[in-house]
Amino acid sequence: MTALNTTFYDLVLTVHILAVVVAFGVVFAYPIIDSQFRRSMPGNLAALHRLHVLLGQRLITPAMTVVLVAGVYLALDRWRLDDPWIAATLAILIVIFGLSGAVLTPTDRRLAELAERDAAAGGKRSADYRREERKAAIFGSLALLLVIVAIFLMTAKPGL
Ligand code: HEM
């Protein structure tokens with residue numbers, strides 16, 4: 001295919017994939033960012049959790065919205081929304097939106113408050129902080145797993 005044959009569909013597909021990279025790429029880097037932050041700034045973990053909230057609001061959620069809108073366009077143009085690989089990925093994306101809004105962002109907000117409270121009380125991480133931290137790790141890992149499943153469904157298109 002030459003550049004001139006590029007269709008609007010191809011452009012939307014490019015936007016869709018770019019938005020996937022922007023939305024989820026940074027999340028795969030969180031384990032490294034977090035452990036570096038914990039090592040170099042143990043007294044300021046509130047800043048780490050506020051960074052997560054900021055990235056969620058300014059980068060991840062807007063990019064996921066672009067993934068959704070572009071994906072729906074692609075599906076309606078050449079496929080069907082009830083094709084199993086599309087319906088399953090749509091469900092996954094909705095679950096990720098839910099996890100992000102109902103669990104991950106509120107947990108990071110709470111972690112920021114707890115980190116500030118613990119820092120003011122001498123710096124030792126409290127049981128409350130560790131409990132919320134575990135929750136963030138479990139649900140964060142679940143969200144990453146769902147992204148991997150979504151990428152598999154989109155590329156392998158099982159059931160086609
Ligand atoms: C977590 C969410 C999603 C991820 C990670 C994702 C990822 C991808 C990737 C990597 C591709 C390129 C596949 C290829 O060219 O082989 C793709 C294509 C596509 N995606 Fe998604 N997507 C997501 C959500 C959605 C949603 C919600 C829809 C529709 C409602 C959708 C519809 C499509 C369609 C129709 C294609 C084009 C397939 C083709 O023309 O070969 N995607 N997606």
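Each ligand, and each atom within it, is numbered from 1 in the order the structure gives.
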- Message: Please tell me whether Tyr129 and His49 form a close aromatic pair, meaning their ring centres lie under 6.0 Å apart.
- Response: yes
- Message: I need the contact residues for ligand 1: any residue with a non-hydrogen atom closer than 4.0 Å to the ligand, ordered by chain then number.
- Response: Tyr9, Leu13, His16, Ile17, Val20, Phe24, Val67, Gly71, Val72, Leu74, Ala75, Trp79, Leu81, Trp85, Ile86, Thr89, Leu90, Leu93, Ala150, Ile151, Met154, Thr155, Lys157
- Message: Is the shortest side-chain heavy-atom distance between Leu59 and Leu54 below 4.5 Å?
- Response: no
- Task: Side-chain contact test, heavy atoms from C-beta onward, threshold under 4.5 Å: evaluate it for Phe24 versus Ile151 and give yes or no.
- Result: no
- Dump the intermediate steps for side chain to side chain donor-acceptor pair (under 3.5 Å) on Asp10 and Thr7, then the final yes or no. CA-CA 5 Å; Asp10 296 323; Thr7 61; 3.1 Å; yes
- Query: With Val27, which residues qualify under side chain to side chain contact (heavy atoms under 4.5 Å, CB included), at least two apart?
  - Reply: Tyr30, Ile60, Leu144
- Query: Is Val69 reachable from Tyr73 through a run of I, L, V, M, F, W or Y residues, each pair having side-chain heavy atoms under 4.5 Å apart?
  - Reply: no
